[in-house]
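Just below is one structure, and these are the notes that go with it.
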Amino acid sequence: MGTRGRGRLDDRPAAGGPTGPTAGGPAAGGPATAGPVRGGPGEDGAAGRGPAGAPSARGRAERRRSARKAARRRKRSLVREVPMIVLVALLVALVMKTFLVQVFVIPSGSMEQTILIGDRVLVDKLTPWFGSEPQRGDIVVFKDPGGWLERDRKPSEDGPVLGAAKQVLTFVGLLPSDNEQDLIKRVIGVGGDTVECCDAQGRLSVNGHPVEESYLAPGNPPSRQAFRIQVPQGRLWVMGDHRDVSADSRFHMGNPGQGTIPLSGVVGRAFVTAWPLNRFHQLDAPGSLSSLARMPQAGGTAAGSVGVGPVPAEPPLVMGVLGILPLVVRRSGRPPE
């Protein structure tokens with residue numbers, strides 16, 4: 001057989017290998033040298049991938065660029081959202097102030113010891129919208145019916161820009177108003193009632209029934225001025241719990257309405273003292289007044305009313321912050337006069 005068969009076998013390329021030198025393999029019988037490995041630093045580095053480690057460096061740079069872009073997007077989003085948040089907060093404050101609950105700061109001692117100077121009370125403005133009327137013993141906030149608040153108004157020293165900003169914040173209830181004309185008192189008589197003071201024991205009476213007034217400030221009598229009034233329908237007779245310093249209905253019997261206030265002027269009913277926390281308590285109507293039967297009458301006029309002395313000075317009730325409850329509001333408000 002000779003070497004003919006072996007020669008043909010030697011000339012054959014290895015199974016699966018290149019077919020000749022042009023494929024990167026050695027010539028027949030030449031040394032077995034390996035060609036460059038695909039993906040190594042030889043040919044691929046020349047193709048533009050760079051030295052070893054370059055892909056990871058480019059990855060870090062790309063991540064930094066992405067993070068900077070995301071931060072810029074967040075800033076732009078915040079700039080767009082802040083005005084919307086402020087607008088929504090103002091609208092919520094306005095709706096609450098107008099229809100739901102309003103916070104008032106007490107600037108005078110006319111309701112001591114029930115409510116002290118600087119206390120913040122929450123006033124329910126919702127129930128009057130459903131036809132609810134104040135009852136005897138309720139503590140109500142009401143607008144000055146005319147002549148109750150006599151005080152000089154100082155001209156504003158704010159510029160046009162600051163003045164306009166304050167007017168907006170006052171309108172939505174986030175700042176006290178310099179021209180607020182609200183007062184706070186306790187309802188003693190409603191339409192048709194006859195309120196009189198004082199009987200032989202020095203007590204105030206409503207419709208002939210003496211009233212035990214446990215809420216009066218210590219040392220205060222029910223009244224130092226004698227009076228008798230029949231409350232007209234649609235009006236209220238109101239008095240402060242600190243009778244000696246309260247410029248209430250007794251001191252305005254010469255005004256239209258004989259010292260009574262109209263139901264239409266009632267802002268709402270104070271139902272809780274919310275601040276300071278150590279004085280947090282509910283403002284309930286005393287049973288000595290709320291238990292009296294109502295005696296409706298067709299109108300009414302003052303009878304046997306007695307004139308009184310000069311009207312004591314009393315500052316108006318100051319409207320406080322509404323959008324946030326007074327528990328998180330800094331102590332503010334007009335100083336007592």
Side-chain angles (χ1 to χ4, degrees), residues 87-108 110-111 114-116 118-146 148-149 166-191 234-241 248-249 257 260-275 279-286 289-290 314-329 332-334:
L87 179 60
V88 171
L90 293 177
L91 290 175
V92 169
L94 178 60
V95 170
M96 290 185 66
K97 171 199 167 185
T98 305
F99 302 106
L100 302 177
V101 177
Q102 190 168 347
V103 181
F104 287 89
V105 183
I106 307 302
S108 75
S110 67
M111 286 298 295
T114 306
I115 307 174
L116 303 182
D119 282 357
R120 285 166 169 79
V121 297
L122 302 185
V123 175
D124 170 23
K125 302 180 72 174
L126 179 63
T127 52
W129 287 88
F130 295 96
S132 175
E133 294 184 359
Q135 303 299 314
R136 300 186 200 95
D138 287 345
I139 298 175
V140 296
V141 172
F142 58 95
K143 296 291 183 183
D144 180 5
W148 286 47
L149 293 172
K166 283 188 174 181
Q167 288 180 0
V168 172
L169 294 177
T170 299
F171 176 72
V172 299
L174 296 179
L175 275 184
S177 173
D178 293 333
N179 300 318
E180 201 66 39
Q181 300 292 297
D182 296 331
L183 300 103
I184 185 167
K185 296 285 183 285
R186 188 183 296 275
V187 177
I188 302 298
V190 297
R235 302 185 73 89
L236 304 170
W237 178 268
V238 295
M239 300 175 73
D241 290 355
D248 49 39
S249 291
T260 60
I261 65 169
L263 287 174
S264 59
V266 175
V267 175
R269 179 181 64 87
F271 64 94
V272 69
T273 298
W275 186 266
R279 287 189 42 76
F280 186 93
H281 65 281
Q282 191 169 343
L283 300 173
D284 294 321
L289 283 169
S290 61
E314 183 171 2
L317 195 65
V318 181
M319 181 180 65
V321 175
L322 186 279
I324 307 296
L325 286 179
L327 303 183
V328 295
V329 176
S332 62
R334 190 175 296 111

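As the structure is a prediction and not an experimental result, all values here were calculated from the model.
- Between Trp148 and Ile261 there is a side-chain heavy-atom pair separated by less than 4.5 Å.
- A distance of 13.0 Å separates CD1 in Ile184 from CG in Asp248, rounded to the nearest 0.5 Å.
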Quiz item: Stepwise, does the side chain to side chain donor-acceptor pair (under 3.5 Å) test hold for Thr273 with Asp119?
Solution: CA-CA 7 Å; Thr273 298; Asp119 282 357; 4.8 Å; no
Self-check item: Worked check of side chain to side chain contact (heavy atoms under 4.5 Å, CB included) between Met111 and Ile106
Solution: CA-CA 9 Å; Met111 286 298 295; Ile106 307 302; 5.7 Å; no
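- Between Leu183 and Val238 there is no side-chain heavy-atom pair separated by less than 4.5 Å.
- Pro134 is not listed as a side-chain neighbour of Val190, based on a closest heavy-atom distance of 4.5 Å or more.
- Residues Gln135 and Asp138 approach most closely at N-OD2, 2.9 Å, considering heavy atoms.
- Minimum heavy-atom separation, Arg235 to Pro262: NH2-CD, 3.7 Å.
- The backbone N or O of Met239 lies less than 3.5 Å from no partner atom in the side chain of Arg186, so there is not a single donor-acceptor pair.
- Atom-to-atom distance recorded for Gln282:CD and Leu122:CG is 11.0 Å, nearest 0.5 angstrom.
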Quiz item: Would Val272 and Val121 satisfy side chain to side chain contact (heavy atoms under 4.5 Å, CB included), going step by step from the backbone distance to the final call?
Solution: CA-CA 6 Å; Val272 69; Val121 297; over 6 Å; no
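- Rounded to the nearest 0.5 Å, atoms CG (Leu236) and OG1 (Thr260) are 8.0 Å apart.
- Counting only heavy atoms from C-beta outward, the side chains of Arg269 and Val123 never approach each other to under 4.5 Å.
- Put simply, the side chain of Glu133 reaches to within 4.5 Å of the side chain of Leu263, judged on heavy atoms.
- For the atom pair Thr114 OG1 and Ile139 CD1, the distance stands at 5.5 Å (nearest 0.5 Å).
- Put simply, the side chain of Ser249 does not reach to within 4.5 Å of the side chain of Lys185, judged on heavy atoms.
- Heavy atoms only, all atoms of each residue included: Val187 and Leu289 are closest at O-CD1, 4.0 Å.
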